[in-house]
Amino acid sequence: MMKKSNGHMPRAIVVGSGAGGAATARELQGTFQVTVLEAGRSFRPLSLSMSRMERLRNWGLLFNEMMIRLVFPAMRVRRTPEGMVMVNGSATGGTTVLSAGNALRMDGCLREIGINLDREFAELAREVPVSTAHQRAWSTTTRRLFEVCARKGLAPRPTPKLVDDTRCRRCGRCVLGCPFEAKWDSRRFLNDAVRMGAELVCGSRVTKVVIRGGRAIGVQARVGIRSVFFPADLVVLSAGGLGTPVILERSGIRCEPRLFVDPVLCVAAPWPGSRQHQEIPMPFVVQRSGYIISPYFDHLSFLFNPEWRHDADGVLGLMIKLADSERGRVSVHRGAVDKRLSVRDRDRLAEATGLCRRILVGFGVRPEEIFLGTLNAGHPGGMLPLTAADAETLHARRLPANLYVADATLFPHSLGNPPILTILALARRVARVAMAAHAPTGVERVSRSA
Ligand SMILES: Cc1cc2nc3c(=O)[nH]c(=O)nc-3n(C[C@H](O)[C@H](O)[C@H](O)COP(=O)(O)OP(=O)(O)OC[C@H]3O[C@@H](n4cnc5c(N)ncnc54)[C@H](O)[C@@H]3O)c2cc1C
Ligand code: SF4
């Protein structure tokens, strides 16, 4: 199937509608006629209540994490050979719809190679709601945990959230999709792009970029059972840290075995009445060298880890999120992820686990009751890292001139921190650079303030 150009604007294909894709599509639409190709369907939050999920678990019906897709198709889960559970979003909004809503500027590794995104962050601060107002409604448990961390000199800080506090009902279901539209996700930017004329094609999985004579002429995608060619003058890949490298390699473009994922481990204990699952997730954060710690109800472990057999109301957990070594890859064969923790990663994890234990004991937990969750991860990236040589062009030389990447794949290092805000800023800049290089002169821009 060939799509027709409208005759005025050149065509751009944006692959993926997560943080990178939505930001890019919104920026490009108007200068280009954008088509967003999204492998997943229109996002819907998980509707099962916590008590239902708990019953399914108690009846022994939840065997492994992969089963989550049966009730929540927007969440894709796979396991590495070492047993780490990789989670990402596969629906409109990508993984942002599953986010805990944390919004931190984390562009240190980009600054180091000469990329200054001040302008983009300043614009985002006006367009995306970020607030710590949730602090006013913290539960007693969260307040006490915060005090314990402060007393230990860990300098906890309320986490800035992509959440409209006036709409938030403290249901604690951010990572299952906000049922009250209180949490910002990239569908807002996607909707802006569509209002300005972009086309969104859900259920279309791009298999490769078609390259002729050193230029990308379009992409090949599976749409249902059909293989469809979408022609384009510009192609931007934003299929995420696990999706983009697969498309690149299938298109004959080599990626680096530098996958990072920000591994997550929860350290928890029974604490009757904690009701942490009804608190906003990750309400505050402790920043340490190489990892962060934050209070968290770990749904994945709660539902699928046999060690985690406590009532939802009665568990108190701390999440460790690690900045891991850049070592690993995703395979073109079914997207299998090969990611192993290095000795440095394991040492950091052990240090962080010890610190969490001390915080929990300081809270009043009995040390012998502490248990661990399932090692998992949801911030993949790094397989086509930007270097100082790319600081102006944001474009690796091995790519055809009119093919760009705009997602976490570009990060030179793991952030060990929430990446959405930084991906939004970087993707916007990529779109601008691409427009400057490839938009024909005389094309008038449509206003973005839809
Ligand atoms: C449970 C969880 C909680 C998180 N919480 C936070 C948080 O609080 N704050 C934060 O900053 N970050 C958070 N993150 C991480 C953050 O959501 C992601 O890092 C971010 O969304 C990545 O953006 P991206 O554009 O690189 O990819 P994604 O947002 O993953 O988007 C990629 C999109 O591409 C689509 N796609 C993939 N392959 C193809 C293909 N072949 N063809 C077409 N489409 C394709 C996917 O379906 C998806 O929609 C969280 C992650 C998880 C898993
Ligand atoms: S706590 Fe509930 S209402 Fe508030 S942002 Fe998260 S999911 Fe939405």
Side-chain angles (χ1 to χ4, degrees), residues 13-24 36-41 43 45 74-77 85-104 106 134 137 159-165 167-187 190 201-208 219 221-222 237-247 250 261-262 264 278-283 294 296 298-300 319 321 335 376-381 405-411 415 417-424 426-427:
I13 296 287
V14 175
V15 182
S17 64
T24 309
V36 180
L37 300 178
E38 167 53 56
R41 302 280 168 189
F43 176 71
M75 187 180 269
R76 175 154 190 215
V77 174
V85 175
M86 306 294 309
V87 181
N88 69 280
S90 178
T92 51
T95 314
T96 68
V97 292
L98 309 180
S99 91
N102 305 320
L104 296 174
M106 283 291 153
H134 58 89
T159 316
K161 291 277 174 188
L162 294 159
V163 170
D164 174 352
D165 197 56
R167 302 182 82 146
C168 176
R169 312 251 190 110
R170 325 269 161 218
C171 68
R173 294 175 67 97
C174 301
V175 299
L176 306 174
C178 178
F180 304 108
E181 295 186 10
K183 186 184 76 176
W184 187 97
D185 62 58
S186 68
R187 287 176 301 165
L190 183 66
V201 187
C202 289
S204 52
R205 178 167 295 280
V206 171
T207 48
K208 66 174 185 178
V219 301
R222 305 279 323 166
L237 299 181
S238 301
L242 299 179
T244 291
V246 170
I247 299 172
R250 282 201 183 125
V261 297
D262 288 6
V264 164
Q278 289 174 338
E279 173 68 287
I280 199 159
M282 304 179 72
S294 186
Y296 189 66
D298 181 355
H299 285 86
L300 210 61
M319 168 205 279
K321 190 186 296 293
N376 67 94
H379 299 181
V405 169
D407 63 24
T409 309
L410 295 178
F411 289 150
L415 310 186
N417 259 286
I420 288 175
L421 210 53
T422 309
I423 297 171
L424 293 175
L426 181 61

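Order of appearance sets the numbers: ligands from 1, and atoms from 1 within every ligand. Just the heavy atoms: all of them, side chains too, but no hydrogens, waters or symmetry mates, feed the values below. All values derive from a computational prediction rather than experimental measurement.
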- [ ] Quick one: list whatever passes salt bridge (Lys or Arg N to Asp or Glu O under 4.0 Å) with R187, sequence neighbours left out.
- [x] D185
Task: A406 to ligand 1, any heavy atom closer than 4.0 Å - done: no
Task: ligand 1 N/O within reach of G21 N/O, cut-off under 3.5 Å - done: no
Task: Identity and distance of the protein heavy atom lying nearest atom 36 (N) of ligand 1 - done: A239 CB, 3.8 Å
TODO: For K321 and A377, indicate whether the former's side chain and the latter's backbone hold a donor-acceptor pair under 3.5 Å.
DONE: no
- [ ] Look at ligand 1 and say whether A103 reaches it with a heavy atom at a distance under 4.0 Å.
- [x] no
- [ ] Decide yes or no on side-chain contact (heavy atoms from CB on, under 4.5 Å) for M86 and L242, but give the supporting numbers first.
- [x] CA-CA 10 Å; M86 306 294 309; L242 299 179; 4.3 Å; yes
Open item on the list: Heavy-atom pairs closer than 4.0 Å: do any link ligand 1 to the side chain of L37, the backbone, both, or neither?
Closed with: backbone
Open item on the list: Polar contacts were defined as any N/O atom of the residue lying under 3.5 Å from an N/O atom of the ligand; does this apply to V175 and ligand 1?
Closed with: no
TODO: Would you check the N or O atoms of Y296, main chain and side chain alike, for any that come under 3.5 Å of an N or O of ligand 1?
DONE: no
Task: Enumerated ligand 2 atoms positioned under 4.0 Å from heavy atoms of P179 - done: 7 (S)
Open item on the list: To the closest 0.5 Å, what do you measure between CG (L104) and CG (L162)?
Closed with: 9.5 Å
Open item on the list: Tell me the closest heavy-atom pair linking N102 and P418, and the distance in Å.
Closed with: CB-CG, 3.5 Å
Open item on the list: Using the salt bridge (Lys or Arg N to Asp or Glu O under 4.0 Å) criterion, which residues pair with R222? Sequence neighbours excluded.
Closed with: none
Task: Heavy-atom pair with the smallest gap, counting every atom of A408 and P380 - done: CB-O, 3.3 Å
Task: Sub-4.0 Å atoms of ligand 1 with respect to non-hydrogen atoms of A19 - done: 23 (O), 25 (O), 29 (O)
Open item on the list: Using a plain distance cutoff, I'd like to know if P419 has any nitrogen or oxygen under 3.5 Å from a nitrogen or oxygen of ligand 1.
Closed with: yes
Open item on the list: For a 4.5 angstrom cut-off between non-hydrogen side-chain atoms, does I280 reach K161?
Closed with: yes
Task: Which segment of I423 sits under 4.0 Å of ligand 1 when only heavy atoms are counted - done: side chain
- [ ] Tell me which part of P380 gets within contact of ligand 1: side chain, backbone, both or neither, using heavy atoms under 4.0 Å.
- [x] neither
Task: Any N or O of A91 closer than 3.5 Å to N or O of ligand 1 - done: yes
Open item on the list: On a heavy-atom basis, which atom in F43 and which in L176 lie closest, and how many Å separate them?
Closed with: CZ-O, 4.2 Å
Task: Flag, side chain of H134 to backbone of T159, donor-acceptor distance under 3.5 Å - done: yes
- [ ] Could you name all protein N, O or S atoms found under 2.8 Å from atom 6 (Fe) of ligand 2?
- [x] C174 SG
Open item on the list: Is there a polar contact, in the sense of an N or O pair closer than 3.5 Å, between D407 and ligand 1?
Closed with: no
Open item on the list: If we ignore hydrogens and angles and just use 3.5 Å, is the side chain of S186 paired with the main-chain N or O of G93 as donor and acceptor?
Closed with: yes
- [ ] Identify, for atom 13 (C) of ligand 1, the protein heavy atom at the shortest distance, and state residue, atom and that distance.
- [x] H379 NE2, 3.7 Å
Task: N or O pair under 3.5 Å between A100 and ligand 1 - done: yes
- [ ] Indicate yes or no: does an N/O atom of T95 lie under 3.5 Å from an N/O atom of ligand 1?
- [x] yes
Task: Min heavy-atom dist T96 to ligand 1 below 4.0 Å - done: yes
Task: A23: side chain to side chain contact (heavy atoms under 4.5 Å, CB included) partners, not counting sequence neighbours - done: F189, L424, A427
Task: Shortest non-hydrogen contact between M282 and M319, atoms and distance - done: CE-SD, 3.6 Å
Open item on the list: Quick check: closest heavy atoms across G18 and T96, and the distance to 0.1 Å?
Closed with: C-CG2, 4.3 Å
Open item on the list: Would G93 count as being in polar contact with ligand 1, using the rule that some N or O on each side must be under 3.5 angstrom apart?
Closed with: no
Task: V15 N/O under 3.5 Å from ligand 1 N/O - done: no
Task: Heavy-atom check, side chain of R170 versus side chain of D165, under 4.5 Å - done: yes
